[in-house]
Protein chains: 2
Amino acid sequence: MDFIKEKLEQGEYRLTRQRQVILDVMQEAEGEHLTAEEVLLAARRQSPRLGIATVYRTLERLASLGILYKSRFDEGKHRYEMADASQHHHHHIQCVGCGRIFELAEGLLDGIENEVNQQGFAVINHRLTIYAMCPQCKSE
Amino acid sequence: MDFIKEKLEQGEYRLTRQRQVILDVMQEAEGEHLTAEEVLLAARRQSPRLGIATVYRTLERLASLGILYKSRFDEGKHRYEMADASQHHHHHIQCVGCGRIFELAEGLLDGIENEVNQQGFAVINHRLTIYAMCPQCKSE
DNA sequence: GTAAATGCAAAGCGTTTGCAGTCGA
DNA sequence: TCGACTGCAAACGCTTTGCATTTAC
């Protein structure tokens, strides 16, 4: 949390009440991938007058500082998670039954990445999403 | 094209002039991934009064029949391509410079898929997107 | 003839922006 | 103090929907 405060200050950004609340929400949601709407709902329990625009602006700022990681699955909306929790987890399994998202180990694609680089590309990032039925939904 | 007509008729759907035009556009765009807007623009050269709603409805129908393949990259919109051209090409390299999309061979992920299945999931589909600078943009 | 498909316009959703007022450093 | 931030509402881009009209079979 101190490290986050530092990062904000370095950029001449302010740690407002709203940002604290949003950060709390994100940290409590360890392992989940929240939409802006979900963040708003949770954060309003602490800060009822919070507006959706502030949520978006905050999430965007935190993502650009590398505090949050922003991703988009096969939906029309973005999802956010703490960057340290995500730690390069750009690989997910999305359950087509319940919509939950599971993590997949990093480094699975190192070989493929090298191959692409050898074809003349400069790989910057990658994302793998597997669509599956999770064990729970499968048994229902 | 006959095979497409057949598929439409099986579902009691009609091969209208608009659908033919849209199919033509998609077939001429071999290897490209078009947005609805791009399809509209191209199709209007043949059918000037064509509306965007028809494009969406047609693309949706064709995708649900397996004639088109619909995907979403890290943008706010969908892209479509002929399913036979895509032939399981759910793997792409998207250039962060020019936005162009390159294909990646299928089957790269078979090993990973097996592993996930062994963890109790039932894998249905998967998608890999690599973000990179393409050789051309890299040299600029 | 009749069900399906069209074009238009309006509404939907997630997201962004403009602006006057507020607040943190 | 003063620039960053907020809340609100209006606008945005992509997509979907309602409805009266047209069209394919």
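Residue numbers start from 1 in every chain, and the chains themselves are labelled A, B, ... in the order their sequence lines are given, proteins ahead of strands. All of these numbers come straight from a predicted model, not from anything done at the bench.
Under a 4.0 Å N-O distance rule, the pair B/Glu60/B/Lys70 qualifies as a salt bridge.
The closest side-chain heavy-atom distance from B/Phe121 to A/Ile93 is below 4.5 Å.
Comparing A/Arg44 and B/Ala36 by the nucleotide of DNA chain D that holds the closest heavy atom to each, the one mapping nearer the 5' end is A/Arg44. Each of A/Thr35 and A/Thr16 was assigned the nucleotide of DNA chain C with the nearest heavy atom; the assignment lying further toward the 5' end belongs to A/Thr35. Residues A/Glu12 and A/Val55 both approach DNA chain D. Their nearest nucleotides, taken by heavy-atom distance, put A/Glu12 toward the 5′ side.
The number of heavy-atom neighbours closer than 6.0 Å to CD of B/Gln136, taken from other residues, nucleotides and ligands shown, is 12 or below. Counting heavy-atom neighbours within 6.0 Å of A/Glu113 CD, excluding the residue itself, gives a total above 12. Around the CD atom of A/Glu38, the shell of radius 6.0 Å holds more than 12 heavy atoms that belong to other residues, nucleotides or ligands.
Rounding to whole angstrom units, CZ of residue A/Arg19 and C1' of D/dA4 are separated by 8 Å. Rounded to whole Å, atom P of D/dC8 lies 11 Å from atom CG of A/Leu40. The distance between atom NZ of A/Lys70 and atom C1' of C/dT16, rounded to the nearest whole Å, is 11 Å. One can place CD of B/Glu37 at 10 Å from C1' of D/dG13, the figure rounded to the nearest angstrom. Between the CG atom of A/Leu59 and the C1' atom of D/dT6 there is a distance of 15 Å, rounded to whole Å. Per the geometry, CD belonging to B/Glu38 stands 13 Å off C1' belonging to D/dC14, to the nearest Å.
DNA chain D is contacted by A/Arg49, A/Leu50, A/Gly51 of residues 45-52 of chain A, taking any non-hydrogen atom closer than 4.0 Å. Of the residues in residues 71-78 of chain B, those lying under 4.0 Å from DNA chain D by heavy-atom distance are B/Gly76, B/Lys77, B/His78.
Looking at B/Arg14, its side chain comes within 3.5 Å of the base of C/dA3 through a donor and an acceptor atom.
Between the CG atom of A/Leu68 and the NE2 atom of A/His78 there is a distance of 13.0 Å, given to the nearest 0.5 Å. To the nearest 0.5 angstrom, A/Ile67 atom CD1 is 9.5 Å from A/Gln27 atom CD. Here B/His92 contributes atom NE2 and B/Arg127 contributes atom CZ; the two are 8.5 Å apart, rounded to the nearest 0.5 Å.
The backbone N or O of A/Ala122 lies less than 3.5 Å from no partner atom in the side chain of B/Lys138, so there is not a single donor-acceptor pair. A side-chain donor-acceptor contact under 3.5 Å links B/Thr58 to the backbone of B/Thr54. Of the possible donor and acceptor atoms, one in the side chain of A/Arg19 sits under 3.5 Å from a partner among the backbone N and O of A/Arg14.
In the set D/dA4, C/dT6, D/dG7, the nucleotide with an atom closest to the side chain of A/Gln18 is D/dG7. Side-chain proximity of B/Thr54 to the nucleotides C/dT6, C/dA25, D/dC25 is greatest for C/dT6.
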Verdict with supporting geometry, A/Tyr131 and A/Asp74, side chain to side chain contact (heavy atoms under 4.5 Å, CB included): CA-CA 10 Å; A/Tyr131 301 96; A/Asp74 228 334; 3.4 Å; yes
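At least one side-chain nitrogen or oxygen of A/Arg61 sits closer than 4.0 Å to the OP1 or OP2 atom of D/dC5.
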Sort me out a list of protein N/O and nucleotides 17-22 of chain C N/O pairs below 3.5 Å, or just none if empty.
from, atom 1, to, atom 2, distance (Å)
C/dG18, O6, A/Arg57, NH1, 3.2

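Within the 4.0 angstrom heavy-atom criterion, no nucleotide atom of any strand lies near A/Arg79.
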